[in-house]
2 protein chains.
Amino acid sequence: MPGGRPRSFNPDTALDRALELFWQQGYEGTSLAELTAAMGINKPSLYAVYGNKEQLFAKALDRYFAGPGAFAAEALDEPTIRAVVERLVFGSIELTTGADTPHGCLTVKGVHACGPDAGPVRDDAVRRRKAGEAALRRRFENAPDLPRGTNAATLAQLVHTLTDGIAVQAAAGRGGGELRAVAELALRGLLDD
Amino acid sequence: MPGGRPRSFNPDTALDRALELFWQQGYEGTSLAELTAAMGINKPSLYAVYGNKEQLFAKALDRYFAGPGAFAAEALDEPTIRAVVERLVFGSIELTTGADTPHGCLTVKGVHACGPDAGPVRDDAVRRRKAGEAALRRRFENAPDLPRGTNAATLAQLVHTLTDGIAVQAAAGRGGGELRAVAELALRGLLDD
DNA sequence: CAAGTTTTATACCGATCGGTATTCAACTGG
DNA sequence: CCAGTTGAATACCGATCGGTATAAAACTTG
């Protein structure tokens, strides 16, 4: 079976351009025209390779978690609860305030794509958030260094809430320096007692 | 000078319908057709009374802060820092998880309206957030019960970050019961030492 | 009832939305 | 060189976007 015309772009690097744009402008705020322009391809190629706008966003989310967001999964391997939490919180600050990347968090922006046509995108973002939080809760459950009287699920939800707040603050323009001071204050009483 | 045809709707109650819709679907996710349908008016009336979509959103924000979000300004009058913070945090949970109102926070959603045409809306939301946080910082500065070693600006930013996180959690479907437990855990170490 | 004024309702505007049909270019195997 | 296959480029689709021109309806004043 013969080969046909070779593809003139790299699907992964083009996906990176789409990720940047979605990360910056959100799902609803990004049009197909902007996407194809940034990716350097035209619409039929986009649809042939990625499906449609919804599926392109889902693939961008995959790449987000495999690349810039990988620290969230890696954090679970830290030896202590304190180290897990610190890596998650300070990693979120780095992720959302990076000089070379858009400010804010792609999944938080995905949750806030709440127009009538964005239902599946929002649901997908919510599903991934739940999966990540469940993994964090399991990491805390039965951990030998979980303080007595602290509920693993509640602690996981608090860490998730903190990283969400950091993402909003970053999206609203707050820099990493201030956010690190905020995080230190938040974790001081939480992990020091 | 004569009177002309009387207006057939109440601008304030119609604005409340617009507020509900923006609160639920965000700025970019809500179309003029949906707005006019929910408000029970047609487009020329909307433009005559409110200006345009951007200005309608700004007026909805005004009404948001005057109504459901009024607790944020009132909280500053609480006698102690602890009471101020608790009213802000638990008030945010009520606001964003109410049974009769959309889940999430209108200003957080406004910050995440980041498409090319939503620049002014986003900037307006950011400006209002900064003003609110500045008022909170001033409330903390020189407060007699501010713990030594705690920076007023950082504490204000942390409270703001917590309420932002709560808004994201609520928008993603978390209920008020769990969020109250999260808030208690967050404030335990922060205000008890 | 007539003149003047303001709001309402409908129809319409160009532009853009996400998505696709069609045509042409570039390659492989015979 | 030719047949077959695959991707690229353009043009196009109906629908909807935010916004407006136009004209009819409902009121106040004389």
Side-chain angles (χ1 to χ4, degrees), chain A residues 1-15 17-19 21-22 24-60 110 113-124, chain B residues 1-15 17-19 21-22 24-60 110 113-124:
Chain A
M1 48 281 281
R5 178 170 176 170
R7 186 174 288 133
S8 67
F9 64 97
N10 182 310
D12 282 334
T13 62
L15 182 54
R17 301 290 86 76
L19 167 57
L21 214 56
F22 278 135
Q24 192 169 35
Q25 305 193 340
Y27 177 76
E28 290 170 327
T30 305
S31 70
L32 281 185
E34 293 172 305
L35 285 166
T36 54
M39 299 167 82
I41 67 180
N42 27 42
K43 283 195 272 186
S45 299
L46 188 153
Y47 276 80
V49 173
Y50 306 99
N52 61 10
K53 193 187 176 186
E54 266 181 36
Q55 297 170 43
L56 176 61
F57 187 84
K59 288 176 169 55
C114 36
D117 298 340
V121 167
R122 179 181 173 281
D123 294 345
D124 186 33
Chain B
M1 48 287 279
R5 179 170 175 169
R7 185 174 288 135
S8 67
F9 65 97
N10 181 310
D12 282 335
T13 62
L15 181 55
R17 301 290 86 75
L19 167 57
L21 214 56
F22 278 135
Q24 192 170 34
Q25 305 192 341
Y27 177 77
E28 290 170 327
T30 305
S31 70
L32 280 184
E34 293 172 304
L35 285 166
T36 54
M39 299 167 81
I41 66 179
N42 27 41
K43 284 195 272 186
S45 298
L46 189 153
Y47 277 80
V49 173
Y50 306 100
N52 61 9
K53 194 186 174 186
E54 265 181 37
Q55 298 170 41
L56 176 60
F57 187 84
K59 288 175 168 55
C114 36
D117 298 339
V121 168
R122 179 182 174 280
D123 293 345
D124 186 34

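Values reported hereafter were calculated over all heavy atoms of this structure, with side chains retained and with hydrogens, waters and symmetry mates removed.
For A:Arg7, the listed nucleotide lying nearest its side chain is D:dG7; candidates were D:dG19, D:dG7, C:dT7. When each of D:dT10, C:dG18, D:dC27 is scored by its nearest atom to the side-chain atoms of A:Pro44, the top-ranked nucleotide is D:dT10.
Here B:Asp117 lies out of heavy-atom contact (under 4.0 Å) with every strand. At a threshold of 4.0 angstrom between heavy atoms, the contacts of A:Thr30 are confined to the sugar-phosphate backbone, with no base atom among them.
The nearest whole Å value for the distance from the CD atom in B:Glu28 to the C1' atom in C:dG18 is 16 Å. In this structure, A:Tyr47 atom OH and D:dA11 atom C1' are separated by 16 Å, rounded to whole Å. Rounded to an integer number of Å, the gap from CG of B:Leu32 to P of D:dT20 is 10 Å.
For A:Asn42 and D:dA8, the shortest distance from a side-chain N or O to OP1 or OP2 is not below 4.0 Å. Remark: B:Ser8 is not in phosphate contact with C:dT7, judged by side-chain N or O atoms under 4.0 Å from OP1 or OP2. For A:Ser45, no side-chain nitrogen or oxygen approaches OP1 or OP2 of D:dG7 to under 4.0 Å. One finds no side-chain N or O of A:Lys43 lying less than 4.0 angstrom from the OP1 or OP2 phosphate oxygen of C:dG19.
The minimum heavy-atom distance linking A:Val49 with A:Phe9 is given by the pair CG2-CZ, 3.8 Å.
The aromatic rings of B:Tyr27 and B:Phe22 sit parallel to each other, their planes meeting at less than 30°, with 60° as the upper class boundary.
Between the side chain of A:Asn10 and the backbone N or O of A:Asp12 there is at least one donor-acceptor pair closer than 3.5 Å. Looking at A:Glu28, its side chain does come within 3.5 Å of a backbone N or O of A:Gly115 through a donor-acceptor pair.
Between the side chain of B:Arg5 and the base of D:dA25, at least one donor-acceptor pair of N or O atoms lies under 3.5 Å.
Of the two residues near DNA chain C, A:Ser31 and B:Ala48, the one whose nearest nucleotide lies more 5' is B:Ala48. Residues B:Gly4 and B:Glu54 both approach DNA chain D. Their nearest nucleotides, taken by heavy-atom distance, put B:Glu54 toward the 5′ side.
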